[in-house]
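Lettering of chains follows the sequences in order, A, B, ..., and the numbering in each one begins at 1.
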2 protein chains.
Amino acid sequence: MAAPIPASPLFLREPEIRRGVELLYFGYSHLTRSIDAGLSDKGMGRAHHRALYFIARKPDLTVSELLKLLAITKQSLGRVLTELTERGLVETRAGDRDRRQRLLRLTAEGTAFEAELFEALRAKMAAAYSSAGQGAVGGFWAVLEGLIPEDERARVAGLGR
Amino acid sequence: MAAPIPASPLFLREPEIRRGVELLYFGYSHLTRSIDAGLSDKGMGRAHHRALYFIARKPDLTVSELLKLLAITKQSLGRVLTELTERGLVETRAGDRDRRQRLLRLTAEGTAFEAELFEALRAKMAAAYSSAGQGAVGGFWAVLEGLIPEDERARVAGLGR
DNA sequence: CAGGATTGGTCAACATGGCTGCCCCAATTC
DNA sequence: GAATTGGGGCAGCCATGTTGACCAATCCTG
């Protein structure tokens, strides 16, 4: 008996879904691995980079904002922030409106280190954009946005300024 | 003095690169988190899923093929395969041509479990494909392929049968 | 056939980066 | 004055990665 598959668009069938899952896995893996060497040179790991990245991206963001972005526990983030502060890459100051808040910023040294790591990401991503062609980039963004839940999307978009 | 940036295409400038990095991070994170509940129900983690996934995808693949795909050490994979075998989700048999090889396969139970987990991935990815539109999917694939080094691309493509 | 290369398994030991539970303080808000 | 919020910290656990060494079976080649 023939497959009782309802008339679903070709691009929603299992092989196309699996292809997306796999490319996403391998693409993400290779991109993140591209900065591991630079990190371990300085005795740091990916957790440090994620914090550095978002602090670079949005200076003066608060600890709780960063917690929401990273979706980890206070404890895990605390360890990382302590280390980054001790190494002189991150500094904090009290919030103006609410003095309980700690506003996070990179020091000059932190900025330089983040820029160095970003260069590796930039090179890889730019090569991928170029090889795929300008027209592909919009599709790349659109599918990834679709993977992000509604409520989180605003937070991610809010990085862009 | 004006920025001495060479005439690089708009889509290769820093904001567009950062946008890609961030969407890739959040998209990947949310997709992988979507199966964590199903995994921890059975006391397993993502490492188990990755092995299950690729064994499902390419039955009778060898341990060394799986090692190359996962890019982890023999030790790490060994632990996972032992647990999956003990739980009756994976079974091995000796290779025909080369009897040193262990060909990996899912048991019926393993197949069912992988299918259950895949359903969550399928739903999320299909929703993303749909919301982005069919035209976006090709771009999504193309950029991700560009992130994967030449030599690895063949291995990934080889999953598709 | 002998000897080297390949495939796989195993051990001990350690690092990273998540997690929970519990407690604390200061600042703000009600 | 009480409750909430933002931040911090300790102890300890777990999952999953790492290195390095070593062994056994098998295959391949001179």
So what does [X] hit on the nucleic acid, given a heavy-atom distance under 4.0 Å: a base, only sugar-phosphate, or nothing?
X: A:Thr73; result: base
X: B:Arg79; result: base
X: A:Ser76; result: base
X: A:Gly45; result: sugar-phosphate

| task | Specify the residue among A:Gly78 and A:Arg100 whose closest nucleotide of DNA chain D lies further upstream toward the 5′ end. | result |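 Whichever sits nearer the 5' end wins; that is A:Arg100.
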| query | Toward the 5' end of DNA chain C, which comes first, A:Arg50 or A:Asp98, by nearest nucleotide? | reply | A:Arg50
| task | Using heavy atoms to find the nearest nucleotide of DNA chain C for B:Leu81 and A:Arg99 separately, return the residue whose nucleotide is more 5′. | result | B:Leu81
Grab the [atom1]-[atom2] distance between [X] and [N] for me, whole Å please.
X: A:Leu77; N: C:dT20; atom1: CG; atom2: P; value: 15 Å
X: A:Leu104; N: D:dG6; atom1: CG; atom2: C1'; value: 12 Å
X: A:Glu83; N: D:dG9; atom1: CD; atom2: C1'; value: 15 Å
X: A:Leu67; N: D:dG8; atom1: CG; atom2: P; value: 9 Å
X: B:Arg46; N: D:dG17; atom1: CZ; atom2: C1'; value: 14 Å
X: B:Leu66; N: C:dG9; atom1: CG; atom2: P; value: 11 Å
X: A:Leu84; N: D:dG8; atom1: CG; atom2: C1'; value: 16 Å
X: B:Gln101; N: D:dA25; atom1: CD; atom2: C1'; value: 13 Å

| task | Would you verify whether the NZ or CZ of A:Arg18 falls within 45 degrees of the ring axis of B:Tyr53 while also being under 6.0 Å from that six-membered ring's centre? | result | yes
Which nucleotide in the list [options] gets nearest to the side chain of [X]?
X: A:His48; options: C:dG17, C:dT28, D:dG7; value: C:dG17
X: B:Ile72; options: D:dG6, C:dA27, D:dT18; value: D:dT18
X: B:Thr82; options: C:dT10, C:dT7, D:dC27; value: C:dT10

| query | If you take atom types as modelled and just measure distance, does the side chain of A:Lys74 reach the base of D:dG8 with a donor-acceptor pair under 3.5 Å? | reply | yes
| said: I want to check one thing: is the phosphate of C:dT7, taken as OP1 and OP2, less than 4.0 Å away from some side-chain N or O of B:Thr62? | reply: no
| query | So, does B:Thr107 use its side chain to make a donor-acceptor pair with the main chain of B:Gly110 at under 3.5 Å? | reply | yes
| message | With no hydrogens and no angle check, just 3.5 Å: does a side-chain donor-acceptor pair link B:Thr85 and B:Thr82? | response |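 No pair is found: no donor N or O on one side chain lies under 3.5 Å from an acceptor on the other.
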| task | Considering only NZ, NE, NH1 and NH2 on the basic side and carboxylate oxygens on the acidic side, decide whether A:Glu150 and A:Arg153 come within less than 4.0 Å. | result | yes
| task | Kindly assign one of parallel, tilted or perpendicular to the pair B:Tyr25 and A:Phe54, based on the angle between their ring planes and the thresholds 30° and 60°. | result |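 Tilted: the ring planes of B:Tyr25 and A:Phe54 meet at 30° to 60°.
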